[in-house]
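Please read the structure below before turning to the comments.
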Amino acid sequence: MKNLLLFVFLFSWLTVLGQGFDDVEVKIHPVTENIFMLEGMGGNIGLSVGDDGVLLIDDQFAELGPKIESAIASVSDHPVKYLVNTHWHGDHTGSNSHFSEKGAIIIAHENVRERLSTDQVRPFRRSTPASPVSAWPELTFGDAMKIHMNGESIHLIHVHNAHTDGDAMVYFPESNVLHMGDLFFNHRFPYVDTSSGGHPDGAIKAVDAALMIADKDTKIIPGHGEQAGYQDLLDYKAMWLEMRSRVMDAIDQDVAIDTADVDALIKGYEEWEWGFIDGKKFLKMLFGAYSGE
């Protein structure tokens, strides 16, 4: 079940990638005066610019590196000094080599380096080869790290076994901006990579941790979806709790995913379905996590 879920998620991305990258436009959205969100294909990118240089958070797919660099150049004359990976998935780390070869220092949780530097077991007994050395994080941390840059004391905060085993949130306290990577899918059903140490319970705890950091004025950059705020995060937690409760009740009644009434289980959350994770895929992940299917 875990391998099948990962295959479905990756196949969905590969279907999109098959359409090519030529038509992808990397759009830049102001969050504050010197913090931006970049939207292209893959996970949302965070960007901090200032006199100390450029800090980049995630970098989508390898083919988009030049387009991301061009977008950065529209708001800063500086090269990327630091590149933070919120986790190891390729739609967030694909351009690592592009930026490191231009001098950027890659920073991530220690498990991100472990996964990028070793072959990863994939569905149907295939594996994803280790990324090139130039894509590996040079600086790693355990629970937390700070970067003092552009007038900010930027907090990197690890959350255990949530979306993966190497997730990190990035908080800018002076600007009150929080980048959550794939710990937050804004009004979309999330993907939890249980084959990489993720678990729904950890994903919910990650939201609780974010709610302790954020307040009603916090601007939040999700891993996927539009820029968000505190209420969006509350909506996300409510969805998680309700869907977990529904699935666990179904399991208690000996309902299996193959016989589950998907429409009934996702009732009220139909609009949370999106291109990569529809209701059935989300439910398969939940049933797998709580029943071992």
Side-chain angles (χ1 to χ4, degrees), residues 29 31-32 35-37 43-48 55 57-58 84-87 89 92 108-109 111-112 141-147 152-194 196-248 266 268-269 271-272 274 277 282 285-286 289-290:
H29 306 284
V31 179
T32 67
I35 298 175
F36 302 84
M37 183 181 95
N44 290 327
I45 295 170
L47 178 68
S48 168
L55 180 141
I57 305 170
D58 290 342
V84 177
N85 292 153
T86 61
H87 62 289
H89 288 153
H92 294 257
H109 185 264
N111 288 341
V112 174
F141 61 94
D143 290 332
M145 180 177 179
K146 284 186 182 179
I147 302 173
E152 301 268 2
S153 298
I154 305 165
H155 296 242
L156 279 55
I157 306 161
H158 171 57
V159 182
H160 299 278
N161 301 100
H163 175 65
T164 67
D165 61 6
D167 302 295
M169 296 184 285
V170 183
Y171 182 53
F172 298 80
E174 286 79 9
S175 298
N176 200 11
V177 173
L178 178 64
H179 191 305
M180 291 187 64
D182 280 1
L183 296 170
F184 180 30
F185 290 63
N186 187 18
H187 286 90
R188 300 182 180 191
F189 284 140
Y191 169 63
V192 173
D193 187 353
T194 53
S196 293
H199 193 275
D201 289 346
I204 295 170
K205 289 178 181 178
V207 178
D208 285 334
L211 287 169
M212 292 179 66
I213 295 169
D215 59 35
K216 62 182 180 62
D217 297 319
T218 305
K219 296 177 174 65
I220 304 173
I221 300 174
H224 297 271
E226 297 179 354
Q227 181 184 317
Y230 192 78
Q231 184 58 53
D232 298 308
L233 197 56
L234 288 174
D235 293 344
Y236 188 62
K237 178 181 178 180
M239 180 280 300
W240 260 123
L241 294 177
E242 179 63 23
M243 293 303 298
R244 180 176 67 175
S245 176
R246 292 179 188 182
V247 167
M248 294 181 75
I266 69 168
Y269 292 104
E271 295 183 357
W272 289 61
W274 60 299
I277 304 293
F282 183 49
M285 180 276 296
L286 285 171
Y290 291 110

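Only heavy atoms go into these numbers, but all of them, side chains included; no hydrogens, no water, no symmetry mates.
- Between Val112 and Phe141, the closest side-chain pair of non-hydrogen atoms is not below 4.5 Å.
- Smallest separation of non-hydrogen atoms from Ala206 and Val159: CB-CG1, 3.4 Å.
- Note: His158 and His109 have parallel aromatic rings, judged against thresholds of 30 and 60 degrees for the angle between ring planes.
- Under the 4.5 Å side-chain criterion, counting only non-hydrogen atoms from C-beta, Asn44 is not in contact with Asp58.
- By the side-chain hydrogen bond (donor to acceptor under 3.5 Å, both in side chains) test, Gln227 pairs with no residue at all, sequence neighbours left out.
- How far CE of Met239 is from CZ of Phe189: 6.5 Å, rounded to the nearest 0.5 Å.
- Val31 and Lys219 make their closest contact through O-CD, 3.2 Å (heavy atoms, listed as atom of the first residue, atom of the second, distance).
- Between Ser175 and Glu152 the shortest side-chain heavy-atom distance falls below 4.5 Å.
- Nearest heavy atom pair, residue Asn161 against residue Asp165, reads ND2-CB, 3.9 Å.
- The ring pair (Phe, Tyr, Trp, His ring centres under 6.0 Å) search around His29 returns none, not counting sequence neighbours.
- Taking the six-membered ring for Trp and the full ring otherwise, the centers of His199 and Tyr290 sit less than 6.0 Å from each other.
- Looking only at atom types and distance, the side chain of Asp193 has a donor-acceptor partner in the side chain of His89 under 3.5 Å away.
- Closest approach of Ile154 to Leu55, counting heavy atoms only: CD1-CD1, 4.0 Å.
- For the pair Thr218/Tyr230, no side-chain contact is recorded, criterion being any heavy-atom separation below 4.5 Å from C-beta on.
- By the 30° and 60° cut-offs, the orientation of the rings of His187 relative to Trp272 is tilted.
- At a threshold of 4.5 Å between non-hydrogen side-chain atoms, the residues Ile266 and Met243 count as touching.
- In this structure, Glu226 places its CD atom where only 12 or fewer heavy-atom neighbours from other residues, nucleotides or ligands lie under 6.0 Å away.
- Relative ring orientation between His92 and His87 is described as tilted, the plane-to-plane angle lying within the 30° to 60° band.
- Across every non-hydrogen atom of Ala210 and Met180, the tightest pair is CB-CE, 3.5 Å.
- Side-chain atoms of Asn186 do not come within 3.5 Å of backbone N or O of Asp232 as any donor-acceptor pair.
- Under the side-chain hydrogen bond (donor to acceptor under 3.5 Å, both in side chains) criterion, Gln231 pairs with Asp235, sequence neighbours left out.
- Smallest separation of non-hydrogen atoms from Ala162 and Leu183: CB-CD2, 3.4 Å.
- For the pair Pro222 and Phe185, the minimum side-chain heavy-atom distance is 4.5 Å or more.
- Between atom CZ of residue Phe36 and atom CG of residue Leu47 there is a gap of 6.5 Å, rounded to the nearest 0.5 Å.
- The side-chain heavy atoms of Trp274 and His224, taken from C-beta on, include a pair separated by under 4.5 Å.
- Tyr191 places none of its side-chain heavy atoms less than 4.5 Å from the side chain of Asp182.
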